[in-house]
Amino acid sequence: MVNLIKSKELSEQIVAQISQEISNYDTPPGLTVIIVGENPASKVYVNKKKKTAEKAGFNSEVIELPESVSQQELEDYIDRLNNDPAVDGILVQLPLPGHINAYDIIEKIRPEKDVDGFHPVNVGRLVIGLEPYAVSCTPFGIIRLLEENKIPIEGKHAVIAGRSNIVGKPLASLLLNRNATVTVCHSKTKNIEEICKQADILVAAVGKAKFIKADRVKPGATVIDVGINRTKDGKLVGDVDFDEVCKKAGYITPVPGGVGPMTIAMLLSNTLKLFKIHNK
Ligand code: NAP
């Protein structure tokens with residue numbers, strides 16, 4: 001029988017603990033999110049982040065900038081936030097419009113305010129096994145899910161489908177730092193079916209509905225579905241063919257209700273951590 005890895009309870013528990021801790025301080029931690037343009041999905045994510053942060057007791061601000069904002073203007077906003085003592089975490093919602101160099105924007109954020117863990121300093125520290133100021137929220141949430149469900153990582157073969165800077169690559173480092181043997185697959189990988197079938201822990205972060213079918217899964221494997229895809233009839237589905245794969249996997253995350261809620265919980269956890277660093 002498959003074990004369902006649900007995150008609602010765990011993520012609520014993490015947020016409640018954070019909220020409790022915040023109530024001990026005179027001033028709340030500050031989280032500022034910058035959103036550029038009118039991307040509807042980004043707006044939904046940003047509103048959810050703001051709402052959850054405020055509910056937990058954070059001072060949360062959203063700066064909405066028009067699509068036409070220039071690189072310089074955006075960097076000036078970041079400079080102001082870098083120098084604002086009330087701001088502990090800065091998050092620039094991706095994707096950014098094509099005329100903006102997202103790498104330069106991320107690099108402009110001070111590493112100790114980079115709540116998303118995307119700054120090269122934080123990524124570099126993660127890769128060499130030092131503690132970053134913050135770790136990318138989605139991969140960090142996946143590790144918490146594995147650990148809370150007592151799924152062994154050390155010595156296991158973890159296969160990650162997807163090598164984005166947001167999910168696949170940081171997750172590879174996190175798993176490697178916990179002594180997993182890690183294989184990262186991407187669109188140019190040959191024999192991806194065979195590689196996935198070797199996984200004790202299989203992570204799908206591709207952005208394609210039903211990308212992982214049962215014939216790509218080893219019996220008893222732990223399957224983590226990061227994907228968020230909208231079907232033609234408006235339903236939210238992951239990258240894993242859940243109905244088929246759940247007959248074969250040992251553990252599986254559902255979509256929605258698996259990885260997603262952990263991402264916001266980890267964002268708040270990162271903000272609190274940065275607040276503590278700034279107030280040491
Ligand atoms: P992304 O930047 O588009 O990266 C997708 C990755 O999948 C790339 O590395 C790409 O390979 C690889 N890929 C594409 N087609 C493939 C194929 N046929 N075979 C093997 N690999 C293939 O996506 P992302 O930002 O990592 O997000 C992935 C999914 O997770 C999306 O559905 C996104 O919405 C979701 N997501 C969810 C959360 C959450 O909180 N639950 C957070 C972040 C993302 P190349 O590098 O070769 O192009």
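All values below come from the heavy atoms of this structure, side chains included, with hydrogens, waters and symmetry mates left out. Whatever order the structure lists ligands and atoms in, that order sets their numbers, starting from 1.
- Partners of Thr32 according to the side-chain contact (heavy atoms from CB on, under 4.5 Å) rule, which considers only residues two or more places apart in sequence or in another chain, are Glu61, Ile63, Leu81, Val87.
- In terms of the side-chain contact (heavy atoms from CB on, under 4.5 Å) criterion, Ala16 has no residue partners (sequence neighbours excluded).
- In this structure, Tyr25 has its ring center closer than 6.0 angstrom to the ring center of Phe275.
- Checking each of Ile201, Ile195, Val182 against Val159 for a side-chain contact (heavy atoms from CB on, under 4.5 Å) leaves exactly one that passes, namely Ile195.
- With Ile100 as the partner, the side-chain contact (heavy atoms from CB on, under 4.5 Å) test is satisfied by one option alone out of Gln71, Glu75, Glu73: Gln71.
- Residues meeting the side-chain contact (heavy atoms from CB on, under 4.5 Å) test with Asn47, sequence neighbours left out: none.
- For a heavy-atom separation below 4.0 Å, the residues in contact with ligand 1 are Thr138, Gly162, Arg163, Ser164, Val167, His186, Ser187, Ile192, Ala205, Val206, Gly207, Lys208, Phe211, Val226, Gly227, Ile228, Asn229, Val259, Gly260, Thr263.
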